[in-house]
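Below you'll find the structure, written out as structure tokens, and then a few comments.
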Protein chains: 2
Amino acid sequence: MHRLDAKGIDENAVATISEIAARAGVSVATVSRTFSHPHLVRSKTRDKVRAAIDEFGYRPNAIARNLRRQRTETVIVIVPQIQNTFFSGIIHGIEAVAHDRGYKVLLGETRGDQVRIDHYADLISTRTAEGLILLGSLLPTAVRSAMRDGAPLPIPLVLACERFEGLACPTVAIDNVAASKTAVAHLVAQGCKRIAMISGPKGNTLSEDRLAGYRAALAEAGLPRDPACEAHGDFSIETGHAAMRALLALVERPDGLFCASDEMAMGAREAIRAAGLRVPQDIAIVGFDDIRFAAFMEPPLTTMRQPAKEIGETAMQLMIDHLEGDPAACPHRVFASDLIVRQSTLR
Amino acid sequence: MHRLDAKGIDENAVATISEIAARAGVSVATVSRTFSHPHLVRSKTRDKVRAAIDEFGYRPNAIARNLRRQRTETVIVIVPQIQNTFFSGIIHGIEAVAHDRGYKVLLGETRGDQVRIDHYADLISTRTAEGLILLGSLLPTAVRSAMRDGAPLPIPLVLACERFEGLACPTVAIDNVAASKTAVAHLVAQGCKRIAMISGPKGNTLSEDRLAGYRAALAEAGLPRDPACEAHGDFSIETGHAAMRALLALVERPDGLFCASDEMAMGAREAIRAAGLRVPQDIAIVGFDDIRFAAFMEPPLTTMRQPAKEIGETAMQLMIDHLEGDPAACPHRVFASDLIVRQSTLR
DNA sequence: CCACGATCTGTAACGGTTTACACCTCGGGT
DNA sequence: ACCCGAGGTGTAAACCGTTACAGATCGTGG
């Protein structure tokens, strides 16, 4: 299939190493060495091999090489949804480092589906990929049971942007508690007295951390905490919109809002507009992530910037260190996140 | 590395087929058949094999299987930039179909770099991947030279969203000429007399098609065409902003704007705001793509919707048909694109 | 002219699976 | 008693590289 054309001469199929060896009048070992360890081959011999290769178009078969070397130099990146701008920023960073270091990136999208995540994690057991970079808050079943049993991790794993209690593996993230505290303190400084939050899904460490930061900031400012002001979404525009409508229905309307993602802030902003209220005069908003579109909202959105690309780059770097270096090492990289102040909080 | 723990007992390493065969007291062929052709194995024998597998945790080595089968069931998707919302929508669709059909998706980002695109295309020659889905407007050098020589395509290729004159390969796209014509006709219907366009990069078929549609609509409406009103960007917010600033500096200011991407429309909208003008009263805007954020712009953006997910799904479908079916077939799928009318053009 | 080391090259094992082919067993028909 | 076919199973040859090891070649110093 797709290998032989009508004349039986294969234009596409690459010659094998033994054909090249025969054409060049050397052994397969020499051809192999010409690629992998050229310094072991006399330059005259190399030229013979190169000539044969130029003539017959040899490209070494990566599958055979992988089998022999027991390596694929491939990592799989599991992401809840590729369309999320923050995640695609991380993937951008991952791909950059992977490419530079000669690794390949397999992409798996989960959409919150445990079956899909396990399917992709299985690619490690079957040796299709060597390691797993996890962007979401869902863990493969195999990892979960290892955690429960206190067993070592069954697969090389790096967490980007999420952390799990009791899971010892390389992690890169920001300090979500501190970041949220800063964000909410900014709202306090702008004079907000009743600050609501739309966080991520319950039970998700990242969401809990951001919620904790929010609460800490309120406490520090001496503002009362009202459970009715704590809403949850799934980081999407739609859930931000819905959550804000609920918050607007409260008898005591909030005058400040902190969202755990810019997308939710976008949805919330729309709900506020629909209610005939103004941002920031009636309600000031702080988002999270600083996605590309935050600066182009109306008004431009104040937000906690996460260095998505750097997070991705670091995650891939940690993965390579893990695969090529000491697999017992378990570094944690924490990035700073900056508050980007724009008009949505300036009143 | 990472294979043996302190006791020399390997928790992670999967047993090989021959170990399982020995444990189960059968031959390797039988173990293999238990996986691939269970109906060829007596159920009692299957149970023995299953028991051994359960006990020792065997997972077949995909590399060895791939080598033997001469298949990897992997396609590589080359995208100019993963962060572009339209592209990530397509990838979303590609991944969905790939997962359902048992294929894997390798991700390659080019950022307009010919070296990177060739690097990724090379994964086909080395048999790492079986086919290439191309999202951008850059072609691998190997494909380009085949085109020039009139030779058959050197690799299984599917184009999503871009087409090339004289390149016969499965393609999925929309009718950019017609879509642009519709978009610009809408501006005409809204009473715009001087309509500018910010298109994509020059020399790009997609850009040219959209420009052609724009010109056709002007001609049909009897409006004069002014080369000064034809600007170019690279689909990004920033270039949209820059292009709009130039358009605003014209002595005769446009009163309508058609952008070849929503992102550029976003940048343009910002430039218009900065100039103290109103949308749509002073300048009406139509974008392209209908990315998730278009509906949340201020005012919400009228735009040509492209069915990104469906385009991706179809591209992957065509790729599988090409790999598993008739490689000579060269279907072209053209999707409808709908004009989504929002406030940015309603005056 | 020989010994010796350095440099280069070849042979063959190996990685782990799939599958063509051969073989064996067993039941049923003649 | 014999043949035949169906159903199961095993053997071994692929698939295509890499690399340990052995062997060949070459240059140099004695």
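Residue numbers begin at 1 in each chain, while the letters A, B, ... track the order of the sequences.
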* To do: From the options D:dG17, C:dT17, D:dG10, select the nucleotide whose nearest atom is closest to the side chain of B:N61.
  => C:dT17
* Report the nucleotide, chosen from C:dT19, D:dG10, C:dG16, that has the shortest atom-to-atom distance to any side-chain atom of B:A64. =>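 Side chain of B:A64 sits closest to C:dG16.
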Is the phosphate of [N] approached by [X] (side-chain N or O, under 4.0 Å from OP1 or OP2)?
{"X": "A:S36", "N": "D:dT19", "answer": "no"}
{"X": "B:T16", "N": "C:dG16", "answer": "no"}
{"X": "A:Q70", "N": "C:dG16", "answer": "yes"}
{"X": "B:S32", "N": "C:dT18", "answer": "yes"}
{"X": "B:T45", "N": "D:dG8", "answer": "no"}

So for [X] and [N], does any side-chain atom that can act as donor or acceptor lie under 3.5 Å from a complementary atom in the base?
{"X": "A:R42", "N": "C:dC8", "value": "no"}
{"X": "B:R68", "N": "C:dT17", "value": "no"}
{"X": "A:R65", "N": "C:dG15", "value": "no"}
{"X": "B:R33", "N": "D:dG10", "value": "yes"}

* Structure fact -> Quick note, ring-ring contact (aromatic ring centres under 6.0 Å, His included) partners involving residues 16-35 of chain A, not counting sequence neighbours, are A:F35-A:Y58
* To do: Sequence neighbours left out, what pairs pass salt bridge (charged side-chain N to carboxylate O under 4.0 Å, His left out) with at least one residue falling in residues 148-172 of chain A?
  =>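 Listed by first then second residue: A:R163-A:E165, A:R163-A:D209.
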* To do: Would you indicate what A:V31 reaches in the nucleic acid, counting non-hydrogen atoms under 4.0 angstrom: base, sugar-phosphate, or nothing?
  => nothing
* **Earlier contact from the 5' end, DNA chain D, for B:R69 and B:H39** => B:H39
* Asked: Would you call A:E109 and A:R116 a salt bridge, taking side-chain N to carboxylate O under 4.0 Å as the test?
  -> no
* Using the closest heavy atom to pick a nucleotide of DNA chain C for each, name whichever of A:T30 or B:V28 lands nearer the 5' end. =>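 Closest to the 5' end, via its nearest nucleotide, is A:T30.
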* If you look at every heavy atom in B:I124 and B:L132, which pair is closest and at what distance? -> CD1-N, 4.0 Å
